Protein chains: 2
Amino acid sequence: MNLDEVAKRAGVSAATVSRVLNNLNVVRDSTRERVMRAVSDLNYHPNLHARSLAGGKSRTIGMIASNLENPFFFDIFRTLEQDCHASGYEVLAAHTGYSPEQLIRSVRTMIGRRVAGLAVIVSEMAPDLMEELELSRIPTVFYDVGLAKHHISNIRVQYRRGIEHLVEHLHALGHKRFAFVGHHSLLGPTSEREQAFIETMRRVEPAPEWRTVADQDGPEGGRRAIAGLLDTGFQPTAVICVNDYTAIGVLRELRERGLSVPADVSVTGFDNIQLSEYCFPPLTTVHIPRDRIGHLVFEALAPKSGDAESEGREIVVEPELILRQSVSKAI
Amino acid sequence: MNLDEVAKRAGVSAATVSRVLNNLNVVRDSTRERVMRAVSDLNYHPNLHARSLAGGKSRTIGMIASNLENPFFFDIFRTLEQDCHASGYEVLAAHTGYSPEQLIRSVRTMIGRRVAGLAVIVSEMAPDLMEELELSRIPTVFYDVGLAKHHISNIRVQYRRGIEHLVEHLHALGHKRFAFVGHHSLLGPTSEREQAFIETMRRVEPAPEWRTVADQDGPEGGRRAIAGLLDTGFQPTAVICVNDYTAIGVLRELRERGLSVPADVSVTGFDNIQLSEYCFPPLTTVHIPRDRIGHLVFEALAPKSGDAESEGREIVVEPELILRQSVSKAI
DNA sequence: TTGAAAGCGCTACCAG
DNA sequence: CTGGTAGCGCTTTCAA
């Protein structure tokens, strides 16, 4: 089923069918109607591959995320998608499951699809990819990795600041034994959070005891991580989690061990996802404005009429401490 | 940047470059190497649109879900994606946010992309779509909607059975005032759950008091729904939620009103998503095997070598009651 | 307002 | 093993 058959059935040329389908208002109404009729009679659906091939441009934006299951990433996706739809763009989402190989595959696929722009919101990062993307000349946004370049923008969240807020708050409450629950991922924002944690620990007076552990991203990973740590005999009074999603698992494990939060142990998350208000107790966390990030990504990728070809920018996002019931004074 | 430029640079024909890129092992090693070198020198990425256009087949499977944020849908997606990747397929995911218009757009886009198969896992359903898809001859799987047809398979979960299990269990525990918390969506599985609830209520002796309410899918919707109901003065001792994700919001609202679960109110979910074990208290729910569903979808869509052109099948999935701590005897 | 025809970049078939 | 070439289905001039 193709344009020609539709054209034949409508008694017009392929060009005219194309005009109708693309809303070029140069077609006589009667002709347009005949075409539309043929289209629906034949259950015709334009081949999008042919369309992009012939048209050149793509009107599609790609987003690659480490873990779309984590609401943090999904919230960014949702906002980006809304903005895109509002401007007639499609969004293609891919997730890597934190696998660097999958990341490479996804990036290549996106380039192969000739997306109009690409958002790479991942923690794992292969350095060569940056160059591959730069060379591809596709407008790209990275999240917390690398530096802005010609076609590459960069959004960076002041994770360090967020962690510092958290630690200072807990420290002021008298906590002296800290744990950091991270997740596996070689580079990027995660380890920035861990680094910030470690450095802050070293700076604080009097020097606290502290440990770091890591497992998968998510409730299950968080649960296993804290379980492993507690099994070593270390008894933190404050547990700082790399993100809210992981913190949910920590809360459960503590609860099942008969440890009360925050009476026995204070717990913090990061991101301020919706679930952080719905878990028990609600999490003290650090707000990262995913919606704002989504909008920023869109702005960086969609060529606003006027901008010739926007250069890559460096965009900084400030986090904000959110106090809830999962934290209290040290025992 | 295209095949020809690569061919020129490598001093071979476009056909040969194509052979190398497609791993047709008929190319001399030295030639292959020269080509690969040219490819990487030029940072060449094959145009996937041209490829599918020329090749005809697509090696891509589409999945449309109502709400990818709800782990129920995401789990199906994850499994499907794993199976697909293992067999060299790509997956294109779209979500509709329960919007029938978006569903139509997504389906059309998928057809336009000429996907090799399409999974439509949604609650909202426009009847004409079924025919549009049937006519498109794309192998399709619907979830709990319509009937199997020529190219259309159907997975149906015995929701009715699941709800009955739940109600009987609660009834046996002496509950006499029930609430059903649903979510908006005109047709399909959701209302099947609600219908099952209503019919079961009418059948049970002695006749219980009951109400149904609905809001969005998700914690926020669940919270608002139960809040609205409680504000009317109705005091259920058992709240049956359309799914676990929504139940999380119900748990929070009850907690904030000082109602203890399960001492004051019993709450049940549906789906048995991972979070149902992580919330407080852990939810009594009904297990729906999302991984099995994911596998079934894949099998129904990917033409296993051997099958000429598998006919649409009707596949039935049995749910299973899972008892946890969110339910107890009526006060 | 409409038609004819030249590509878009790639695969696949036919020769050599 | 390699090259030439005819499409795949659509958009987009250029003419009419």
Side-chain angles (χ1 to χ4, degrees), chain A residues 1-36 38-39 42-60 88 108-116 136-138, chain B residues 1-36 38-39 42-60 88 108-116 136-138:
Chain A
M1 180 58 41
N2 60 21
L3 255 201
D4 279 321
E5 299 188 44
V6 176
K8 201 169 303 169
R9 168 133 191 164
V12 299
S13 72
T16 296
V17 177
S18 173
R19 291 187 185 103
V20 171
L21 262 29
N22 290 288
N23 278 310
L24 306 188
N25 329 301
V26 285
V27 186
R28 193 189 301 155
D29 273 2
S30 64
T31 311
R32 168 185 302 279
E33 260 173 44
R34 249 182 316 140
V35 171
M36 292 310 271
V39 164
L42 295 173
N43 194 245
Y44 169 70
H45 295 269
N47 184 319
L48 264 22
H49 299 300
R51 201 177 267 203
S52 354
L53 185 51
K57 49 244 164 142
S58 117
R59 223 61 194 163
T60 295
R108 301 240 164 104
T109 304
M110 291 296 184
I111 298 180
R113 292 197 209 279
R114 300 295 187 267
V115 291
S136 79
R137 327 200 95 245
I138 294 178
Chain B
M1 180 59 42
N2 60 19
L3 255 201
D4 278 321
E5 299 188 45
V6 176
K8 201 168 302 170
R9 168 134 190 161
V12 299
S13 73
T16 295
V17 177
S18 175
R19 289 186 186 106
V20 171
L21 261 29
N22 291 288
N23 278 312
L24 307 187
N25 329 299
V26 285
V27 186
R28 194 190 299 155
D29 272 5
S30 63
T31 310
R32 167 183 302 279
E33 260 174 44
R34 249 183 315 141
V35 171
M36 292 310 272
V39 165
L42 295 173
N43 194 247
Y44 169 70
H45 295 269
N47 184 319
L48 264 23
H49 299 299
R51 194 173 265 189
S52 355
L53 223 211
K57 49 244 163 143
S58 119
R59 224 57 195 165
T60 295
R108 301 240 164 104
T109 304
M110 291 295 184
I111 297 179
R113 291 196 212 279
R114 300 295 188 266
V115 291
S136 79
R137 326 199 97 246
I138 294 178

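Source: prediction; values computed, not measured. The chains referred to below are lettered A, B, ... by the order of the sequence lines, with proteins before strands, and numbering in each begins at 1.
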Practice item. Carefully, step by step, assess A/Val6 and A/Arg9 under the rule side chain to side chain contact (heavy atoms under 4.5 Å, CB included). Key: CA-CA 5 Å; A/Val6 176; A/Arg9 168 133 191 164; 5.8 Å; no
Exercise for review: Compare every heavy atom of B/Ala7 with every heavy atom of B/Ala14, then report the nearest pair and how far apart it is.
Suggested key: N-CB, 3.6 Å
Study note, to complete from the structure: Testing D/dC10, C/dC10, D/dG4 for proximity to the side chain of B/Ser13, the answer is D/dG4
Check your understanding: Could you state the CD-C1' distance from B/Glu33 to D/dC1, rounded to the nearest angstrom?
Key -> 16 Å
Check your understanding: B/Asp4 CG to D/dT5 P: how many Å, rounded?
Key -> 13 Å
Practice item. Quickly work out the B/Leu53 CG to D/dT11 P distance and round it to whole Å. Key: 11 Å
Review point. Is there side-chain contact between A/His45 and A/Met1, with heavy atoms separated by less than 4.5 Å?
Key: no
Exercise for review: Whole angstrom is fine here: how far is it from CE in A/Met1 over to P in D/dC8?
Suggested key: 14 Å
**Study point:** Beyond-backbone contact of A/Arg113 with A/Thr60, side-chain heavy atoms, under 4.5 angstrom
**Key:** no
Point to revise | Closest nucleotide among C/dT2, C/dG3, C/dT11 to the A/Thr31 side chain | key: C/dT2
Check your understanding: Given that B/Arg34 and A/His49 both sit by DNA chain D, which one's nearest nucleotide is further toward the 5' end?
Key -> B/Arg34
Practice item. Send over the distance from B/Arg51 CZ to C/dA12 C1', rounded to a whole Å. Key: 14 Å
Exercise for review: State whether A/Lys8 places a side-chain N or O below 4.0 Å from either non-bridging phosphate oxygen (OP1 or OP2) of C/dG3.
Suggested key: no
Review point. Is the phosphate of D/dT12, meaning OP1 or OP2, less than 4.0 Å from a side-chain N or O of A/Lys57?
Key: yes
Review point. Is B/Asn47 near enough to C/dG9 that one of its side-chain N or O atoms lies under 4.0 angstrom from OP1 or OP2?
Key: no
Check your understanding: Can you tell me how far the OG1 atom of A/Thr31 sits from the CD atom of A/Glu33, to the nearest 0.5 Å?
Key -> 9.5 Å
Check your understanding: Within this structure, what is the CG-to-C1' distance between B/Asn2 and C/dG7, rounded to whole angstrom?
Key -> 12 Å
**Study point:** Close side-chain approach of A/Arg32 and A/Asn23, heavy atoms under 4.5 Å
**Key:** yes
Review point. Say you draw a straight line from CZ of A/Arg51 to CG of B/Leu53; how long is it, rounded to the nearest 0.5 Å?
Key: 12.5 Å
Check your understanding: In residues 15-28 of chain A, which residues come under 4.0 Å of DNA chain D by heavy atom?
Key -> A/Ala15, A/Ser18, A/Arg19, A/Asn22
